[in-house]
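Note sheet for the following structure.
Computed from a predicted structure; not experimentally measured.
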Amino acid sequence: MTTDAPASSGTATPPEAPLRYTAALASEIEQRWQDRWEERGTFWAANPTGRLTDADGNHADAEAPSFFLMDMFPYPSGAGLHVGHPLGYIATDVVGRHRRMCGDNVLHALGYDAFGLPAEQYAVQTGQHPRKTTEENIVTMRRQLRRLGLAHDARRTFATTDSEYVRWTQWIFLQIFSSWYDDDAPRPDGGTGRARPITELVAEYESGAREVPAELSGGRTWSELDEVARRRVVDAQRLAYVSETPVNWCPGLGTVLANEEVTVDGRSERGNFPVFKRNLRQWNMRITAYADRLIADLDLIDWPDKVRAMQRNWIGRSEGAQITFDVVGGGTFEVFTTRPDTLFGATFMVVSPEHPLLDEVPAAWPDGTSTAWTGGHASPTAAVAAYRAEAAGKTAVERQADAGRKTGVFTGHLAVNPATGAQVPVFTADYVLMGYGTGAIMAVPGQDERDWQFAAQFELPVVRTVAPPEGWEGDAFTGEGPAVNSANDEISLDGLGVDDAKRTMTEWLEQRGIGTRTVTYRLRDWLFSRQRYWGEPFPIVYDEHDLPIALPEDMLPVDLPEVPDYSPRTFEPDDVTSMPEPPLGRNEEWVAVELDLGDGPRTYRRDTNTMPNWAGSCWYYLNYLEPGRRDVVVDPELERYWMGPGHDADSGASGGVDLYVGGVEHAVLHLLYARFWHKVLHDLGHVSSVEPFRRLFNQGYIQAYAYTDARGAYVWANEVVEDESVPSGFSWNGQEVFREYGKIGKSLKNSVTPDEMYDAYGADTFRLYEMSMGPLDLSRPWDTRAVVGSQRFLQRLWRNVVDETTGELTVTEDAPTDATLRVLHRTVEDVRTEMEAMRFNTAIARLIVLNNHLTTLPAVPRAAAETLVLLLAPLAPHICEELWERLGHPTSLAREPYPVADPAYLVEETVTCVVQVQGKVRDRLEVPPSIGEDELRERALATAGVQRALDGRGVRTVIVRAPKLVNVVPA
RNA sequence: GCCCCCGUAGCCCAAUCGGCAGAGGCAGCCGGCUUAAACCCGGCCCAGUGCAGGUUCGAUCCCUGCCGGGGGCACCA
């Protein structure tokens, strides 16, 4: 049996011991202290300036280091919490309380990420307005978390759905909309490339300092463009822009989704619905402009290697060349390749089905077209149209199922290989993706496995340009080797290694003006609009030209309008032909709006999309610094104090939140988006820090066993018992059941709630158990039965100080003995080390040792009790406050200095020296720690154990590691 | 298929620089307390570190291969 019914008889208060530390007494103490902390403002963090002072009205002490501590933004679920949820909140609370006792000014608060799909779905299900259900859920969650005793500054809480917060989310959107990325602008850190206000771009065009890019101007100068054309030129360069691009359309959710929200199976991360590629006009954010900085600055921050690797991987930087190919009969197109050295082996071309080259294809098949290439169609026009339609209807799942079995069709186009001059056929195939590189490749079957497969399928020629090793029997050879078959009148790569060949070829291409060195990224721009109700509206209107116009700041926030129906228009999950239909479009009075934006009152049309729920979590850390500001998104002085580079010893060159704790599931979503927004705000001068989160810590998950019966149905885990008589070892109601390990939740019937723990043990026991289960970053199984161990510890602590019957203090004023002082100071030293390294499980183990030692004494010396209480206070704050008060201290221990060990008591009088012969322990010696090597060697050689083990053999060498080890090596 | 992390007692987990395999908790067993039981107190049992090699005076720790578990990526040119 792994999960007892939580209430056990041991927690009832026995009449003979009215002050035993039972769940009832713990609850009384805990709630009393929670009220006091709130009334006294114990955990108010003082800002250096402005309205937020500490409880005494003081601003931050300039001498005290600041420590900005954060949990990942919780989403207030309607389902309530289970025991896995608080793990991270307890951990950050322990860190915060510990840092505070170490003298830091700790900022720790918790807000709510309350927009988004789940909130909306919950509201639709319950038939209520999302604002109502969201607010109710926040109330419930606040109550459950307050009962944990978290030392948050309650003045700094907020929800992303607050109108005051939405104002600034929209304001930041407008900052991004009103910016462009200047690749050549110098940065303070020495690099080049940063966001600049779009007004500066316009000014440069007007003054002639900058020429309008030809692909945007159609060859005309700025002065030759009319007003609308100029706006199109500028709009195309904004960091937030509207464009018609292939996007992820999810009919089942009724909205488009970002790449990061689509699983590798091509389904929505939420709801697991199919996702289709559709060309739609949508908002995008130019995160790709920051790709290099998002990679490079990973080196500045203290994050788990795993998360940094995931971000690097997601951004997917690859170096190569872009090469121009001429199309026979006119026109050109570009390909991207990481292997320009293999150009001589490019025997055909492949473009993605969405490629513009296919908008016009020859009307008839060229002479000699193989029937294998035509797909049975009479003309390229028909073949390409059919293939394009087929590709558009495929989900990513289907595409993936086909991986390896290549499909495609000849387009009728022929291209010229610039190295060989040969005419090669251009195919279209869906293994080439429009969103990566140029959407077109040169196919080199000799050096690329995918191309080889395609070539085999369509009977295309193979030319090897890298010599495979002797005896190579495989297909494509992608390894290192000398170039072959790679020479023309102007250039020869033959004999060069891959790297040299790449360089030589790229130089030749650049000289000839038909290629350039290029870097490409897997990362795409961030698709930023959703066709849902419960999100931030865009602060954008459109004029008669259908061009976006930013609303002026004084019109913010744009609040959500009431609509007749806020449910999304969803479709059959596989309805490919469906079109998104934003709920905000249902309120025509709101959509059509008359405004005076400078040229008199005119009618505009509002944007009816909403922002993704990531928007709110992209900047919430800044809002903790001083929520509710009307004049500025964040006070620069507060940002420098709490987050600026060098604001404390550990903040480094990047600055940012000192410690950010949360699950690893946001590694490439929230954490990438937030870094992007932060860098834009940094470029525009709103924040001094370069990165939002200096140190990231991923906590593990608490999971639990679940049990299925013979039919595979889940049974209530808390009713399962261990049963030797059945093979699985577990039974439920007398029938054998089978154990699995998985997420805690209602569906697995293994849920345990914090409320049950508060009732059965109290919050301190619950906190202590969660922290003692193992290292914080490891996932581990919940075991309700084991919680009692933490409760026993607190009971023994309580009894060491308070008489269970009378409530009298039992501590003695006598000085501790030398032995007690040694244990005490050893514990202080070790606990400090463990706490600083966030190894709370081992810190707790040391505290238990000390407490058990005190239990053996006739009476506990006050000095030892007080030190123990202070050491334990971050972990079990309520009982420690209570004991601290009973020990005669009128004020909270929240800011008492964390104990420091006296080194005098850390020195051992004797050390056990291990005496080994050939690595095996043969004897032990009690020696003074200061013993010299020579003396130790002599004494070790003289021991009976060594003599017996040597058995007359000579000694070759003796390794001495004074004072702890001697190892004798026989001859 | 590629990459990363983890395998220590029945269970959760410790072990600093390569130096006595055990800090703590749970469960189990024995004893004490008790009219009795629970709570509580004391004590005990329990692994040679997933497997096979290698380096070393000495390996849980470093290296190689394999097995098991977890995670990430996956037609990215």
Side-chain angles (χ1 to χ4, degrees), chain A residues 1-2 8-12 14 17 20 22 264 304-307 309-310 313-314 316 318 320 335-339 342 350 352 399-400 402-406 429-433 435-444 447-451 453-454 520-524 664-665 667-668 700-701 722 729 741 768-769 772-775 777-790 792-793 795-796 799 804 830 833 839 841-849 852 855-856 912-924 956-959 961 964-970:
Chain A
M1 172 159 171
T2 56
S8 66
S9 55
T11 61
R20 171 164 297 169
T22 59
V264 291
D305 288 341
K306 175 183 168 161
V307 176
M310 283 165 73
N313 210 320
W314 187 263
S318 55
V335 305
F336 174 74
T337 177
T338 57
R339 294 293 302 273
T342 64
V350 187
S352 91
R399 280 197 178 200
Q400 192 177 338
D402 289 343
R405 198 176 71 246
K406 297 282 178 284
D430 64 5
Y431 82 91
V432 175
L433 312 174
Y436 186 78
T438 60
I441 62 161
M442 60 180 215
V444 186
Q447 269 75 233
D448 185 285
E449 280 161 23
R450 296 153 302 186
D451 297 345
Q453 286 174 1
F454 195 85
T520 301
Y521 304 91
R522 198 182 92 104
L523 180 73
R524 321 286 164 75
V664 74
E665 70 271 18
V668 289
Y701 298 98
E722 277 182 35
Y741 183 52
L768 205 58
Y769 174 64
S772 64
M773 291 166 78
D777 53 354
L778 232 65
S779 292
R780 56 225 156 180
W782 177 262
D783 182 5
T784 300
R785 274 189 312 175
V787 179
V788 69
S790 298
R792 286 178 190 151
F793 167 46
Q795 283 179 332
R796 282 197 295 271
R799 260 201 310 276
E804 287 188 337
D830 290 349
T833 306
R839 288 190 295 260
N841 54 326
T842 47
I844 291 167
R846 309 253 185 269
L847 291 168
I848 291 173
V849 172
N852 288 350
T855 305
T856 64
T912 304
C913 176
V914 177
V915 183
Q916 300 177 334
V917 176
Q918 213 162 5
K920 300 268 189 297
V921 180
R922 298 301 185 192
D923 218 321
R924 291 184 175 80
R956 183 153 62 123
T957 180
V958 182
I959 292 148
R961 295 278 180 276
K964 298 189 75 169
L965 178 123
V966 176
N967 187 15
V968 180
V969 186

*Please find out if less than 6.0 Å separates the ring center of A:Y701 from that of A:W782.*
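That pair fails the under 6.0 Å test.
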
*asked:* Can you tell me if A:S318 touches the phosphate of B:rA77, counting only side-chain N or O atoms and a distance under 4.0 Å to OP1 or OP2?
replied: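 The answer is yes; a side-chain N or O of A:S318 sits under 4.0 Å from OP1 or OP2.
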
*Should A:R792 be listed as having a side-chain N or O under 4.0 Å from OP1 or OP2 of B:rC26?*
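It does, given that an N or O in the side chain of A:R792 lies less than 4.0 Å from OP1 or OP2 of B:rC26.
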
*Would A:S352 and A:L433 satisfy side-chain contact (heavy atoms from CB on, under 4.5 Å), going step by step from the backbone distance to the final call?*
CA-CA 5 Å; A:S352 91; A:L433 312 174; 5.8 Å; no

*Backbone N/O of A:R522 and side chain of A:R524: donor-acceptor pair under 3.5 Å*: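 Indeed, once roles are kept as given, a pair shorter than 3.5 Å links the two residues.
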
So what does [X] touch, heavy atoms closer than 4.0 Å: a base, only the sugar-phosphate, or nothing?
X: A:R780; result: sugar-phosphate
X: A:T337; result: sugar-phosphate
X: A:Q918; result: sugar-phosphate
X: A:T438; result: nothing

*Which comes earlier along RNA chain B counting from the 5' end, the contact point of A:A440 or that of A:M310, where each point is its nearest nucleotide?*
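Nearer the 5' end of the strand: A:M310.
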
*Could you tell me which nucleotide pairs with B:rC73 by Watson-Crick or G-U wobble geometry, both distances under 3.5 Å, or answer none if nothing does?*
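B:rG1 is the nucleotide pairing with B:rC73.
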
*If we call it a pair only when both distances are under 3.5 Å in a Watson-Crick or G-U wobble match, what pairs with B:rU56?*
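Paired with B:rU56, as far as the under-3.5 Å criterion goes, is no nucleotide at all.
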
*Nearest to the side chain of A:D430, which nucleotide is it out of B:rA77, B:rG24, B:rC75?*
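That would be B:rC75.
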
*Between B:rA36 and B:rG43, how far apart are the P atoms? Round to whole Å, please.*
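Result for the P pair: 23 Å, nearest Å.
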
